[in-house]
Amino acid sequence: MAVLNDIRALFAQCPALKDLEARTDQLETDAEGYGIFPAGSVVIEQDMRGAATWQYHFIIAATRMTADDVMRLDNCNFTEELQDWVQQQNRKGVPLSGDGLSFVSISASNGAFTDWDENFQYGVYKIQGTLIYEKE
């Protein structure tokens, strides 16, 4: 899907993720990396001509070292930095490559630690994202 490709391209530019390998629907459990997980989309408005406003939900999940409290604090700062960066992109606008697609907004929320690996050396930190766009 074109929208997912655009989201991948956008997050590839994020300074907080620059040194991490991106995956789709997959997350490393024993090394640092991040995954983009599509979480569904819905039409939130449609006009009489058939043009629609879509809301596309996604999750960015990153595996980060959590061996000590300093690392865990850094990881909490990472989720805040990631959410702030998304808000900056919202102000700039996000280019969409699909025919007839135009950007409306992007947001990120609920940055949080969600899980440990089996050895308690890596933790998973997630943010929920929403991209709203119009489709002719």
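Both backbone and side-chain heavy atoms feed into the values below; hydrogens, waters and symmetry mates do not. For the single chain, residues carry numbers from 1 onward in sequence order.
- Other members of the cluster containing W116 are F113, F120, Y125, with ILVMFWY side chains joined at under 4.5 Å, either directly or via other members.
- With rounding to the nearest 0.5 angstrom, the NZ atom of K135 is 8.5 Å from the OG atom of S41.
- How far CD of Q128 is from OG of S107: 10.0 Å, rounded to the nearest 0.5 Å.
- Between W54 and E134, the closest side-chain pair of non-hydrogen atoms is not below 4.5 Å.
- Using a 4.5 Å heavy-atom cutoff, the side chains of S109 and I127 are not in contact.
- Checked against side chain to side chain contact (heavy atoms under 4.5 Å, CB included), A112 has no partners two or more places apart in sequence or in another chain.
- Legend: residues meeting side chain to side chain contact (heavy atoms under 4.5 Å, CB included) with E21, ordered by chain and number and at least two apart, are R23.
- Here the CD1 atom belonging to I106 is positioned 6.0 Å from the CD1 atom belonging to I7, to the nearest 0.5 angstrom.
- Applying the ring pair (Phe, Tyr, Trp, His ring centres under 6.0 Å) rule to pairs touching residues 89-108 yields nothing, sequence neighbours excluded.
- When hydrophobic residues (I, L, V, M, F, W, Y) are linked wherever their side-chain heavy atoms come within less than 4.5 Å, the members clustered with I132 are V42, I44, V104.
- Screening residues 83-93 for side chain to side chain donor-acceptor pair (under 3.5 Å) gives no qualifying pairs among residues at least two apart or on separate chains.
- Legend: salt bridge (Lys or Arg N to Asp or Glu O under 4.0 Å) pairs involving residues 96-106, not counting sequence neighbours: none detected.
- Residue pairs meeting the ring pair (Phe, Tyr, Trp, His ring centres under 6.0 Å) criterion with at least one partner in residues 30-53, sequence neighbours excluded, do not occur; the list is empty.
- A distance of 5.0 Å separates CG of D6 from CG of L96, quoted to the nearest 0.5 Å.
- Scanning all heavy atoms of the two residues, the minimum distance from Y56 to P38 falls at OH-CB, 3.5 Å.
- Side-chain contact between L4 and T24 is present, with heavy atoms from C-beta onward closer than 4.5 Å.
- Every pair passing salt bridge (Lys or Arg N to Asp or Glu O under 4.0 Å) that includes a residue from residues 36-54 is listed here, sequence neighbours excluded: D47-R49.
- When side chains are defined from C-beta on, L82 does not count as touching T79, because their heavy atoms never get closer than 4.5 Å.
- Distance CG/D117 to CG/D115: 8.5 Å, rounded to 0.5 Å.
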Can you give me every donor-acceptor pair (side chain of residues 66-73, partner residue at least two apart or in another chain, under 3.5 Å) with its distance?
unit_1, atom_1, unit_2, atom_2, d
T66, OG1, Q121, O, 3.2
D68, OD1, V70, N, 3.1
D68, OD1, M71, N, 2.8
R72, NH1, T66, O, 2.6

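- Every residue was checked against the side chain to side chain contact (heavy atoms under 4.5 Å, CB included) condition with P95, not counting sequence neighbours, and none meets it.
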Validation: residues 57-64 side-chain donor-acceptor distances under 3.5 Å, sequence neighbours left out:
unit_1, atom_1, unit_2, atom_2, d
H57, ND1, T130, OG1, 3.4
T63, OG1, E28, O, 2.5
R64, NE, N75, OD1, 2.8
R64, NH2, D74, OD2, 3.1
R64, NH2, N75, OD1, 3.1

Original post:
Going through the distances and angles, do Y122 and L27 end up as a side chain to side chain contact (heavy atoms under 4.5 Å, CB included)?
Top reply: CA-CA 12 Å; Y122 292 93; L27 188 62; over 6 Å; no
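- By the rule that hydrophobic residues join a cluster once side-chain heavy atoms approach within less than 4.5 Å of another member, V3 and V94 end up as members of one cluster.
- Residues S105 and Y133 have side chains not in contact (no heavy-atom distance under 4.5 Å, counting atoms from C-beta outward).
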